[in-house]
Structures are given as structure tokens and as C-alpha cells.
Amino acid sequence: MTEAVFRETTADPRTQSVPLAHLSLELGHLYMEDFEAGPQRLREHFAEVRIWVDAAHASAARRIGGKRPRVSTCFLIDDYFTRFSTPAELIPLVLEEAARAGLVIDYLARESGCAVADRIEPAESVMHRLVESPPPGSHGSRPPVGQTGWLANGRRTAPTRSALAEITAWQPPQETAARNHSVFMDVELWSETDKGRLWSCPFLAAVWQLARLGLLRHLGEPVLTPRPWTGGDFPRDWDRLPPLLKLSDSRVAFSAYRTCTLMPNRFLAVEDAVRLILDQVDVDSGALDQVAERSRSEGIAVPAAVAQRATYVFYEEPTNSPLPEGT
């Protein structure tokens with residue numbers, strides 16, 4: 001006799017799909033110190049970025065067999081670590097300087113939206129999906145990342161005692177997937193403050209990459225979905241601005257199979273940390289399957305490793321440009 005099994009339809013939440021472009025091209029990821037330096041700093045940034053935009057389009061076209069690629073542009077403003085000026089003053093300046101360089105920003109995001117967006121906490125959700133890669137010989141003596149807030153790509157430095165229990169010997173760190181020699185990294189994901197948890201720049205940037213790749217979900221629903229801006233003045237309070245705005249009339253989706261970020265070379269270490277984090281996130285399987293199915297139907301090759309879907313162009317800043325603190 002076969003027993004009937006009854007289940008609530010809500011027991012297995014359905015993963016909602018999102019539209020996908022071929023490439024999400026980030027035209028800027030600047031901090032308040034950059035904006036504080038004035039319009040000239042933005043002008044220099046967009047002038048340099050403009051040089052690489054055509055190359056990014058050409059690369060995307062080559063990957064899809066020479067066809068015209070679907071490319072959306074985005075820009076990220078830091079309103080998480082510091083608050084400078086207001087959206088009413090800052091956003092028109094960004095759009096004006098981008099237009100001066102012949103660029104159009106389709107989507108504009110607030111970095112604080114990677115921490116909290118529409119009462120959802122994307123960073124907290126991604127943190128719970130971290131799966132550390134245990135290095136060979138590890139014995140579980142170190143607390144997990146959920147307790148320490150640190151994530152490494154191998155075995156950390158640790159002294160070991162000899163049989164006499166008196167002499168300690170130094171053991172070097174070791175990268176888990178090292179090729180000949182190790183490149184070891186240990187990344188701080190957050191710190192605790194009197195105002196609560198402060199997420200690190202690399203961790204929020206990893207959340208941002210997952211959103212741009214169409215892989216961020218909360219109970220099956222997409223997170224950081226763009227809201228169209230209907231025009232009019234921008235608010236004078238950052239908290240009144242939606243986490244992600246659609247500013248242009250482009251029909252190209254925000255999320256994409258791949259991302260390309262154009263940024264100053266001082267962010268190189270941060271983005272190395274971002275890739276380390278992405279390599280150890282247990283990404284929503286439903287979202288991954290949807291991207292894989294869509295890419296197959298379009299005949300587009302997408303790397304299996306999420307971190308490999310993110311590419312960068314790092315440019316050298318003018319020597320008189322300010323170097324933001326805490327990046």
C-alpha cells in the first residue's frame with residue numbers, strides 16, 4: 001500500500017528568475033572623498049573610464065559570436081561608510097559628468113543597499129551562505145567564520161609545539177589551491193561597533209557582484225531589484241532614495257551573465273578579497289540553474305565558478321587625485 005504524502009506548496013519556495021543582459025558594466029565605484037574633491041575628480045574618472053567602455057563592448061560581442069551584446073551600465077555610490085552631500089546635489093553632478101564623457105548610467109545603486117534593502121538584509125543572508133574551504137591538515141581549532149568574521153583561502157599561520165612542549169616552531173600560511181607557491185589571503189568581513197555590525201568594503205562588494213550576476217535571492221525572491229525613476233528632483237536624504245534606481249529608458253536588464261568593473265587601481269586588493277569571498281559562497285542553487293539554462297538556450301558560455309564571471313579594468317589615477325581613507 002502506498003501512502004499519500006501531502007506537502008504545503010509553500011514548503012519549497014520557488015526561485016524567481018530575473019532578466020539577464022550579456023554584461024553588467026560598472027562605470028564607477030567611488031567613495032565620498034572622491035566626490036568631495038569636486039567635479040574635476042569625477043571628470044577625470046569618467047574620461048579614463050570612457051577609454052575602456054568600447055573595449056568592454058567589443059569583448060562582450062566577441063563572446064557571443066560578433067552579435068550586438070546586451071550591455072547595461074551601473075554606478076555605485078558609497079552612502080554606507082560615510083554620508084556626504086545629498087542625492088539632490090550629488091546624483092545630478094554624477095549624471096552630468098558621465099554625459100560630458102559620452103556615457104549613460106542605466107542603474108544607480110547605494111552601497112548601503114547591499115547591507116539593508118527594502119527591510120531585507122542581503123549581507124546577513126550571504127554571510128549565512130559562506131562555506132569555508134578547510135585546508136589540508138586543519139583540525140577545527142579555529143572558530144568558524146560566522147563567529148570570527150574572518151575568511152581565508154587556506155591555512156593560517158600558527159605556532160606548533162615540539163614534543164618537549166617547550167619549543168615552538170613557526171609554520172607559514174598555506175593557500176589551499178596553491179600553484180608552486182602560496183598567495184595567502186585572510187579577509188575581514190565585518191567588525192563589531194557600538195552601533196552594531198559594520199560590514200567591510202570587500203564583503204559588501206561581493207554582495208553587489210552577486211546582485212549584478214542575478215544570483216542574489218531571499219526566500220526565492222530577487223534582491224536589489226531596480227525601481228524606475230520617474231523624474232523630478234532627487235530627495236535630500238539618502239534613506240529616502242531606493243537602493244537601486246533605473247535612470248535611463250534602456251530595455252537592457254540590470255543583472256547579467258558576466259560583470260565588468262572599471263575602477264582605480266587602489267581597489268585591486270579589495271577586489272581580490274571579493275573574489276575570495278565569492279569562491280566560498282554557497283550560491284542559491286535555483287538561481288544558478290536558471291542562469292545555466294538561460295545561457296545554454298542562448299548558446300553563451302558562462303564559467304561554472306561565480307568568481308570567474310566577474311572581470312575588471314583597473315586604471316591608474318592622476319598623481320594629484322586624493323586617496324580615500326578606509327577603502
Side-chain angles (χ1 to χ4, degrees), residues 26 29 31 80-81 111 114-115 123-163 165-193 197-210 212-213 215 258-261 263-283 303-317 323-327:
E26 186 173 355
H29 185 145
Y31 282 76
Y80 181 77
F81 295 102
E111 189 163 16
C114 296
E124 185 77 17
S125 176
V126 172
M127 187 273 289
H128 288 296
R129 286 186 167 273
L130 290 173
V131 180
E132 293 180 272
S133 300
S138 60
H139 47 72
S141 62
R142 185 179 178 90
V145 60
Q147 295 180 25
T148 65
W150 285 82
L151 187 68
N153 66 342
R155 186 186 66 198
R156 297 173 171 91
T157 301
T160 59
R161 291 188 177 276
S162 68
E166 294 292 337
I167 303 174
T168 59
W170 179 77
Q171 293 292 324
Q174 182 177 359
E175 181 187 1
T176 300
R179 296 184 62 183
N180 298 323
H181 298 84
S182 289
V183 179
F184 179 79
M185 295 179 64
D186 207 352
V187 180
E188 187 176 19
L189 306 184
W190 68 79
S191 58
E192 300 294 348
T193 71
R197 180 167 290 180
L198 181 70
W199 299 104
S200 70
C201 178
F203 194 66
L204 292 179
V207 175
W208 174 234
Q209 285 285 354
L210 289 172
R212 292 172 62 198
L213 289 168
L215 299 174
R258 296 172 181 264
T259 67
C260 180
T261 302
M263 58 184 3
N265 57 13
R266 59 183 150 93
F267 288 97
L268 181 59
V270 171
E271 298 304 325
D272 274 343
V274 169
R275 296 171 70 85
L276 183 152
I277 295 168
L278 292 177
D279 274 335
Q280 298 187 59
V281 175
D282 180 24
V283 179
V306 171
Q308 297 303 317
R309 304 179 191 185
T311 58
Y312 301 87
V313 173
F314 295 99
Y315 71 82
E316 180 182 358
E317 293 179 288
L323 292 178
E325 299 178 356
T327 55

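Predicted model only: the values in this text are computed from it and were never measured. FYI, the numbering just counts along the sequence from 1.
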Seminar exercise, completed: Tightest non-hydrogen contact, residues Thr176 and Gly154, listed as OG1-CA, 3.2 Å
For this session: Would you mind telling me which of Val187, Val145, Leu151 makes a side-chain contact (heavy atoms from CB on, under 4.5 Å) with Gln280?
Result: Leu151
Problem set entry | All side chain to side chain donor-acceptor pair (under 3.5 Å) counterparts of Trp199, not counting sequence neighbours | none
Problem set entry | side chain to side chain donor-acceptor pair (under 3.5 Å) partners for His128, two or more places apart | Glu124
Exercise. Quick one: does Arg258's side chain get under 4.5 Å of Pro303's, heavy atoms only?
Worked result: yes
For this session: Determine the minimum heavy-atom distance between Glu271 and Ala205, stating which atoms define it.
Result: OE2-CB, 4.3 Å
Exercise. Can you check side chain to side chain contact (heavy atoms under 4.5 Å, CB included) on Leu189 and Leu130, steps first, answer last?
Worked result: CA-CA 11 Å; Leu189 306 184; Leu130 290 173; 3.4 Å; yes
Problem set entry | Interatomic spacing from CD1 in Ile277 to OG in Ser200 - rounded to 0.5 Å | 5.5 Å
Exercise. Could you give the distance from CD (Glu316) to CG (Asn265), rounded to the nearest 0.5 Å?
Worked result: 6.5 Å
For this session: Please check if any side-chain donor atom of Thr259 sits under 3.5 Å from a side-chain acceptor atom of Gln209, or the reverse.
Result: yes
Exercise. Would you say Gln308 and Arg275 make side-chain contact, with heavy atoms under 4.5 Å?
Worked result: yes
Problem set entry | Flag, side chain of Ser182 to backbone of Gln174, donor-acceptor distance under 3.5 Å | no
Exercise. With side chains defined as the heavy atoms from C-beta onward, is the minimum distance between Phe184 and Arg156 less than 4.5 Å?
Worked result: yes
Exercise. Side-chain contact, heavy-atom cut-off 4.5 Å: Val306 with Val281?
Worked result: no
Exercise. Does Thr261 reach the main-chain N or O of Tyr312 with its side chain, forming a donor-acceptor pair under 3.5 Å?
Worked result: no
Problem set entry | Point-to-point distance, once rounded to the nearest 0.5 Å, from CZ of Arg155 to CD of Gln171 | 6.0 Å
Problem set entry | Residues in side chain to side chain donor-acceptor pair (under 3.5 Å) contact with Glu111, at least two apart in sequence or another chain | none
For this session: Grab the two heavy atoms, one from Ala307 and one from Asp279, that are nearest each other, plus how far apart they are.
Result: CB-OD1, 3.4 Å
Exercise. Which atoms form the tightest heavy-atom contact between Phe203 and Ala123, and what is the distance?
Worked result: CE2-O, 3.3 Å
Exercise. Taking the side chain from Arg212 and the backbone from Ala310, do they hold a donor-acceptor pair closer than 3.5 Å?
Worked result: no
For this session: Could you give me the CA-CA distance, side-chain angles and deciding distance for Asp272 and Leu276, then say whether side chain to side chain contact (heavy atoms under 4.5 Å, CB included) is met?
Result: CA-CA 6 Å; Asp272 274 343; Leu276 183 152; over 6 Å; no
Seminar exercise, completed: d(Arg129 CZ, Leu215 CG) to nearest 0.5 Å is 10.5 Å
Problem set entry | Pro264 and Phe314, any side-chain heavy atoms less than 4.5 Å apart | no
For this session: Show the numbers, then the answer: is there a side chain to side chain contact (heavy atoms under 4.5 Å, CB included) between Tyr80 and Cys114?
Result: CA-CA 9 Å; Tyr80 181 77; Cys114 296; over 6 Å; no
